[in-house]
Amino acid sequence: MPAANTSGPVVAGIDGSATALHAAFWAVDEAAARGATLRLVYVTKPDDRFAPEYAEDVRHGRESLHAARTAIEATGAPVTVETAIVDGPATEALVEQSADAQMVCVGSVGIDRYARSIVGSTAGDLAEKAHCSVAVIRPELHADAQLHWIVVALGDRPGNSAVVECALQEATLRHVPVLALGKDQVAGSPGSLEDRIRPWRASHPDVHLYPVAGATDVAHFLKKFDEPVVLAVIGADEARDVSQIVGHGHSLFRHGAASVLVVRP
């Protein structure tokens, strides 16, 4: 999977919630695929370090990290796990962590509700400001669906090839087919969607890749169609759409909510 740093850790934000732990388990596969260390990070609230509340927060952080590490190591996954407690605010702390990371993974509810109430969605802000790719992972969606999808757009934006490559590698890692969105052109004409997909099918023969003509924007596709999409893969220039894609707050994207991966090559 493309990354600005190919030797750093995969970072997962931990806050003691089930949503954060779900994101950490998702990050396990990312770390294992890269042969990278998995770094579990707890971010403290921006309180006075000498206040009783700060000491309680640190205690909660240690317990949360221990519980997450124990749960991950119990799976037998071939990853080395390290933990860290860092001072908040959450967005700034995780952006700093992203400087030497291959990817940062967080739960869709945010790292910490207190920080989110001050600065808005931690996950959304992180997606826009991080130095590496960011995965914002929702709790399991469409649990009853027999088929899940990864969705990515084939476009002309700079870096789109890296975004598509990442989507296909995620499909290989997670054994999920891909919906490839693109312009609706006459089949067989130069630059048609089928022509654009053909090289990707050749380079990733193990991935089931399906064209969706007439749709060129992931966020609008999810708004229009209630498909069981487990992961939307987008470029960094679309990071502003993250909160809508994962269904934060008063999002209009009530049905097509999905986890999202913002790719920074």
Side-chain angles (χ1 to χ4, degrees), residues 3-5 8-27 30-31 37-49 51 53-54 56-58 60-62 64-65 68 82-139 219 231-251 253 257-265:
N5 182 332
V10 171
V11 173
I14 295 295
D15 64 0
S17 70
T19 301
L21 184 59
H22 181 72
F25 277 117
W26 195 90
E30 297 295 330
T37 296
L38 176 62
R39 179 187 294 166
L40 305 178
V41 176
Y42 181 91
V43 183
T44 64
K45 299 177 179 66
D47 290 331
D48 183 345
R49 293 178 63 91
E53 293 81 6
Y54 181 83
E56 175 61 22
D57 195 17
V58 170
H60 176 66
R62 288 173 179 160
S64 299
L65 289 170
E82 63 181 32
T83 62
I85 295 178
V86 298
D87 290 336
T91 299
E92 287 85 343
L94 290 171
V95 169
E96 183 176 350
Q97 289 286 315
S98 75
D100 71 341
Q102 296 190 47
M103 180 183 289
V104 178
C105 303
V106 295
S108 63
V109 178
I111 293 304
D112 156 290
R113 289 184 178 85
Y114 175 76
R116 187 178 58 175
S117 70
I118 297 174
V119 301
S121 165
T122 297
D125 290 343
L126 176 64
E128 294 189 44
K129 300 174 182 178
H131 302 289
C132 66
S133 296
V134 174
V136 181
I137 306 301
R138 285 184 59 97
L231 183 67
V233 183
I234 61 177
D237 58 345
E238 302 169 275
R240 65 187 179 278
D241 293 335
V242 164
S243 293
Q244 294 176 321
I245 291 174
V246 299
H248 269 124
H250 300 290
S251 170
F253 295 67
S259 296
V260 59
L261 175 57
V262 179
V263 178
R264 287 184 174 85

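Values in this document were obtained by computation on a predicted structure and should not be read as measured data. Just so it is clear, the values below take in all heavy atoms, side chains as well, and ignore hydrogens, waters and symmetry mates.
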Taking Thr91 for the side chain and Leu126 for the main chain, is one N or O donor matched with an acceptor at less than 3.5 Å? no
Contacts of Ala31 that satisfy side-chain contact (heavy atoms from CB on, under 4.5 Å) - sequence neighbours left out: Val10, Leu38, Val79
Report the distance from atom OG1 of Thr44 to atom CD of Glu56, rounding to the nearest 0.5 Å. 13.0 Å
Residues Val95, His131; criterion side chain to side chain contact (heavy atoms under 4.5 Å, CB included); working and verdict: CA-CA 7 Å; Val95 169; His131 302 289; 3.9 Å; yes
Starting at CG of Asp57, measure out to CG of Asp15 and round the result to the nearest 0.5 Å. 10.5 Å
Kindly compute the distance separating CZ (Arg39) from CG (Asp100), expressed to the nearest 0.5 Å. 5.0 Å
State, to 0.1 Å, how close Ala93 and Gly88 come at their nearest heavy-atom pair, and which atoms those are. CB-CA, 4.5 Å
If you look at every heavy atom in His60 and Gly16, which pair is closest and at what distance? NE2-CA, 4.3 Å
Are Ile234 and Val242 close enough, and set up right, to give a side chain to side chain contact (heavy atoms under 4.5 Å, CB included), and what steps lead you there? CA-CA 9 Å; Ile234 61 177; Val242 164; 4.2 Å; yes
Tell me whether the count of non-hydrogen atoms from other residues, nucleotides or ligands lying under 6.0 Å of CD in Glu82 goes above 12. yes
Give the minimum heavy-atom separation between Ala127 and Ala239, together with the two atoms involved. O-CB, 3.5 Å
Least distance between heavy atoms, Leu40 atom then Ala24 atom: CD2-CB, 4.3 Å
Return yes if some donor-acceptor pair links the side-chain N/O of Thr37 with the main-chain N/O of Pro9 below 3.5 Å, else return no. no
A side-chain contact here means heavy atoms from C-beta on lying under 4.5 Å apart; do Arg264 and Cys132 qualify? no
Would you name the heavy atoms of Gly8 and Gln102 that are closest together and state the gap between them? O-NE2, 2.8 Å
Rounded to the nearest 0.5 Å, what separation is found between the CD1 atom of Ile137 and the OG1 atom of Thr19? 11.5 Å
Please give me the minimum heavy-atom distance between Val43 and Ala90, naming the atom from each residue. CG1-CA, 3.6 Å
Separation between CD1 of Ile85 and CD1 of Ile14, rounded to the nearest 0.5 Å: 12.0 Å
Could you give the distance from OH (Tyr42) to OG1 (Thr83), rounded to the nearest 0.5 Å? 13.0 Å
Main-chain N/O of Asp125 paired with Glu128 side-chain donor or acceptor, under 3.5 Å: no
